[in-house]
Amino acid sequence: MQKQLLLGDEAIAQGGIDAGMSGIYAYPGTPSTEITEFVKASKEAKEKNISANWAANEKTAAEAALGMSYAGKRTMTCMKHVGLNVAADPFMNSAITGVNGGMIYVVADDPSMHSSQNEQDSRVFGKFALIPILEPSSQQEAYDMVHYGFDLSEKLGVPVLMRITTRLAHSRSGVQRKNHVKQNDFKLPEDLRQFVLLPSIARKQYKKLLNNQDNFLKESNNSTYNKYINGDDKSLGIIACGLGYNYLMENYPDRKVPNPVVKVSQYPLPVDMINKLYDECDEILVIEDGYPVVEEMLKGPLNKGKKIHGRLDGYIPRDGELNPNIVGEALGFPKTKGEEIPSLVAMRPPSLCKGCSHIDAYLALNEALEPYTKGRVFSDIGCYTLGALPPFESINTCVDMGASITMAKGAADSGMFPAVAVIGDSTFTHSGITGLLDAVNDKSSITVVIVDNFTTAMTGGQPSSALNRIGNICKGLGVEEKHIRVMNPLKKHHEENVKIFKEELEYEGVSVCIPTRECIQTLNRKMRAKAKAKK
Amino acid sequence: MKKKDIILAGVGGQGILSIAATIGYAAVQSGLYLKQAEVHGMSQRGGDVQSHLRLSENEVASDLIPKGKADMILSVEPMESLRYLPYLHKEGWLITNSKPFINIPNYPEENLIFDEIKKIENHVLLDAETIAKDLGTSKAANMVILGAAFPFLDLEFEKFEEALKFIFGKKGQDLVNLNTKALKAGRQITENKLDKR
Ligand SMILES: Cc1ncc(C[n+]2csc(CCOP(=O)(O)OP(=O)(O)O)c2C)c(N)n1
């Protein structure tokens, strides 16, 4: 079969489809979104009856995947790095329960924060949960590792974490597919108490996980994805993790590194190889994208052994994504660079689309808030976060999904009045509902603005979990019906919308305003599809 | 050809990925290795976007092109073409559309941008929209720009024709023909420029 040009994300999706996966569960998040989108769009996946699902959030996604594993089937759950914070509870505990059918957590980190609030490194989380981690260095490896990862998960009886980064997720390359694997038959766990984490059982399960660590290490030491590559120049030994290996190779056009190299793509660290490198070489350089995880492990807090170079001693910058230049300089090569960027080149930050409903919502909200001092609007994550930038400058916070409502509540409880939360429809169903319930129960005086554009726009227009049910959810949570105000964010309704905002800002209690109008991107897409259908 | 490293530049929504897909298809049909790093996410909302496209006879290591090593910057917007100059090799080519995409209040004066572009000895500055419009639709502008890059790509023209058939074939032969014409028009501009040298 000819190679297929696939994004790293798509390679993982295709890997799942080919490796006997029965279901995939995810909440969108750059750079992980395309995995699930690919499975959803795949004809093969449909023919194989693979269940592809957008969940309300990463926690519900991970738990559904764990349920599928319980039933003996292979399953995958995908999220961005901060999504793993939301799914941390099932993640940590599924390491203790172990799996029945193979289970892979695919978590996409975003070093340099191209589209994220932080650049946390999920390998730390994998280590925390004490499970094996796979870190592919290419699209082909990503594809192959899904097959390998399911086998490994079933062999070791634990979920496996596959950690990728933006660069691999969103880069395309040729991928050679493997033979199809049949899906598992439905099969209950042999021990029906395996998943009952009552303390007495959990203690046993945890011991089992601890005793299993030696096996994880053995797998790493013998893994074909970890390699010891010899070199004559022993003045420096190099450890290159994941994509770091490619940046290393890029600096040697003949692909021959003079120093010994350990390529790491599976954890726990292949200690046998690392030991050999350490013994043979005078100093060590660690090349890893993300946090200095491996570097820190080798150095330890005392740092008394041989010199270990990397992000902690400035050989490589402490933050940000790796690239071939950074690695080249760490290796002592001269800087390469073209012309400087001419000074007239202006920044071009992302902005709300022309015709976006959030624009009209912010213009009305800004006007309604004019009488008050600034700094009262807690917001959240989505396209509407761009309202922090000029010309709107409408919002004052963006922390984590759902934090708008709860932070507004805390500020209101401290006496701030009015206190406003601005949150998108998908963010509301992801993590806003519980916070609103808190506010209702405590009768906190907040005005919650749910900017409902019928979709998860920021990540490319995935469906909104509670389409057309946002108002009813608020009612169900106990928000008074007369303080649930649906509005139409259009220029022609501006005066009316300002008036509604003003009234609700002055209300002492929980009020919800819902500017409701479809995302201009999804609308245009639908119109184009309609026009095409007519032809 | 040993390798071609290309930075594709533009503004989110201008469709640089369609250019990348066309080159990618032609490259794969020519038996080359390829890596193509794209920008998805936040910046696609009208921000600056770029794609690193790497073609080679040998396997490609890094998804990113090292600074100072790009053989070409291919841009659908003039100011954006300048943003990636640190990547361009001294002998590399800068090929860019001349039509500005203005979605920021402090967009520099057009002529000053053109002056900067002209400082790069190896450049092709072309008005792809107008050329495409003359052919029937300004929508084919990206193919005009790609055509202008063709003489430097070391790939056979037929492979591009195949690529257009593959990409636009479903939408009808007319569209394939139109895009092929656009490709040829762009190619002509660069070839004329090279003839004059
Ligand atoms: C925990 C977590 N999961 C996912 C994301 C990625 N993400 C950021 S915004 C967003 C969608 C927001 O959709 P919505 O609230 O409807 O706002 P819109 O973009 O449509 O305006 C997603 C999925 C994230 N930042 N954090």
Side-chain angles (χ1 to χ4, degrees), chain A residues 2-3 5 7-9 30-31 33-34 110 114-116 138-139 166-174 243 245-252 255 321-325 327-328 335-342 344-354 383 386 390-391 457-460 532, chain B residues 11-13 20-21 24-25 28 33-49 51-54 58-70 73 79-80 82-90 92 101 103-109 112-113 115-116 119-120 171:
Chain A
Q2 214 195 343
K3 281 189 181 178
L5 263 189
L7 293 176
D9 275 351
T30 316
T33 313
E34 291 83 356
D110 190 17
H114 300 282
S115 292
S116 308
S138 67
Q139 294 75 357
T166 304
R167 198 52 62 198
L168 180 66
H170 288 166
S171 176
R172 221 174 268 284
S173 191
L243 285 186
Y245 181 73
N246 302 346
Y247 299 133
L248 172 67
M249 287 301 157
E250 184 67 33
N251 280 282
Y252 299 93
R255 305 289 183 253
E321 185 187 4
L322 290 179
N323 62 44
N325 293 89
V327 172
K335 269 191 187 172
T336 64
K337 203 166 184 255
E339 302 281 332
E340 295 289 332
I341 304 174
L344 61 75
V345 174
M347 300 255 284
R348 201 191 294 261
S351 54
L352 291 171
C353 306
K354 221 173 128 201
C383 283
L386 294 169
M458 179 92 270
T459 45
K532 213 168 122 190
Chain B
V11 180
Y25 187 89
V28 169
Y33 287 96
L34 170 155
K35 275 193 179 170
Q36 180 201 324
E38 306 175 356
V39 171
H40 296 207
M42 193 95 167
S43 300
Q44 285 179 304
R45 301 266 166 277
D48 52 272
V49 291
S51 168
H52 290 221
L53 181 57
R54 314 194 69 187
N58 305 312
E59 209 154 334
V60 180
S62 161
D63 299 86
L64 294 172
I65 300 169
K67 289 195 178 128
K69 298 279 179 79
I73 293 173
M79 182 178 81
E80 293 308 322
L82 296 169
R83 198 182 297 281
Y84 306 97
L85 283 184
Y87 286 93
L88 191 61
H89 190 273
K90 277 197 293 295
F101 184 99
N103 63 346
I104 47 172
N106 55 338
Y107 194 92
E109 221 180 285
L112 298 179
I113 293 178
D115 288 348
E116 290 291 344
K119 279 188 200 162
I120 308 295
K171 296 179 187 166

For [X], which atoms come within 4.5 Å of any heavy atom of chain B: side chain, backbone, both, or neither?
X	answer
A:Leu243	side chain
A:Thr336	both
A:Leu248	neither
A:Leu352	neither
A:Pro31	neither

Name the member of [options] that forms the most heavy-atom pairs with chain B at distances under 4.5 Å.
options	result
A:Pro349, A:Gly8, A:Gly174, A:Ala169	A:Pro349
A:Gly460, A:Ser173, A:Pro324	A:Pro324
A:Ile341, A:Val327, A:Asn251	A:Ile341

Structural part of [X] lying under 4.5 Å from a heavy atom of chain A:
X	result
B:Leu88	backbone
B:Lys90	neither
B:Glu59	backbone
B:Tyr107	side chain

Top contributor to chain A interface from [options] [non-hydrogen pairs under 4.5 Å]:
options	result
B:Asp48, B:Leu64, B:Leu112	B:Leu64
B:Pro86, B:Ala20, B:Gly12, B:Gly46	B:Pro86
B:His89, B:Glu80, B:Glu109	B:Glu80
B:Gly68, B:Pro66, B:Pro108	B:Pro66
B:Ile65, B:Val28, B:Asn106, B:Asn103	B:Asn103

Can you tell me how far apart [atom1] ([X]) and [atom2] ([Y]) are? Round to the nearest 0.5 Å.
X	Y	atom1	atom2	answer
A:Arg172	B:His52	CZ	NE2	15.5 Å
B:Glu116	A:Leu344	CD	CG	5.0 Å
A:Arg167	B:Glu38	CZ	CD	10.5 Å
A:Thr33	B:His40	OG1	NE2	10.0 Å

**Report entry** Closest contact, heavy atoms only, B:Arg45 versus A:Cys383
**Finding:**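 The answer is NE-SG, 3.4 Å.
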
**Report entry** B:Lys119 bridged to A:Glu339 by N-O distance under 4.0 Å
**Finding:**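 Salt bridge flag = no for A:Glu339 with B:Lys119.
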
Query raised in the report: So, A:Glu250 and B:Lys69, do they make that salt bridge, N to O below 4.0 Å?
Result: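 Looking at A:Glu250 and B:Lys69, the cut-off is not met.
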
Is the shortest side-chain heavy-atom distance between [X] and [Y] below 4.5 Å?
X	Y	value
A:Pro342	B:Ile113	no
B:Met79	A:Arg348	yes
B:Asp63	A:Gln139	yes
A:Met249	B:Ser62	no

Report task. Could you tell me whether the side chain of B:Arg83 and the main chain of A:Met347 form a donor-acceptor pair under 3.5 Å? Result ->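 No.
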
Requested in this report: Give the C-alpha distance, both sets of side-chain angles, the deciding distance and a yes or no for side chain to side chain contact (heavy atoms under 4.5 Å, CB included) between A:Arg255 and B:Asn58.
Outcome: CA-CA 10 Å; A:Arg255 305 289 183 253; B:Asn58 305 312; 6.0 Å; no

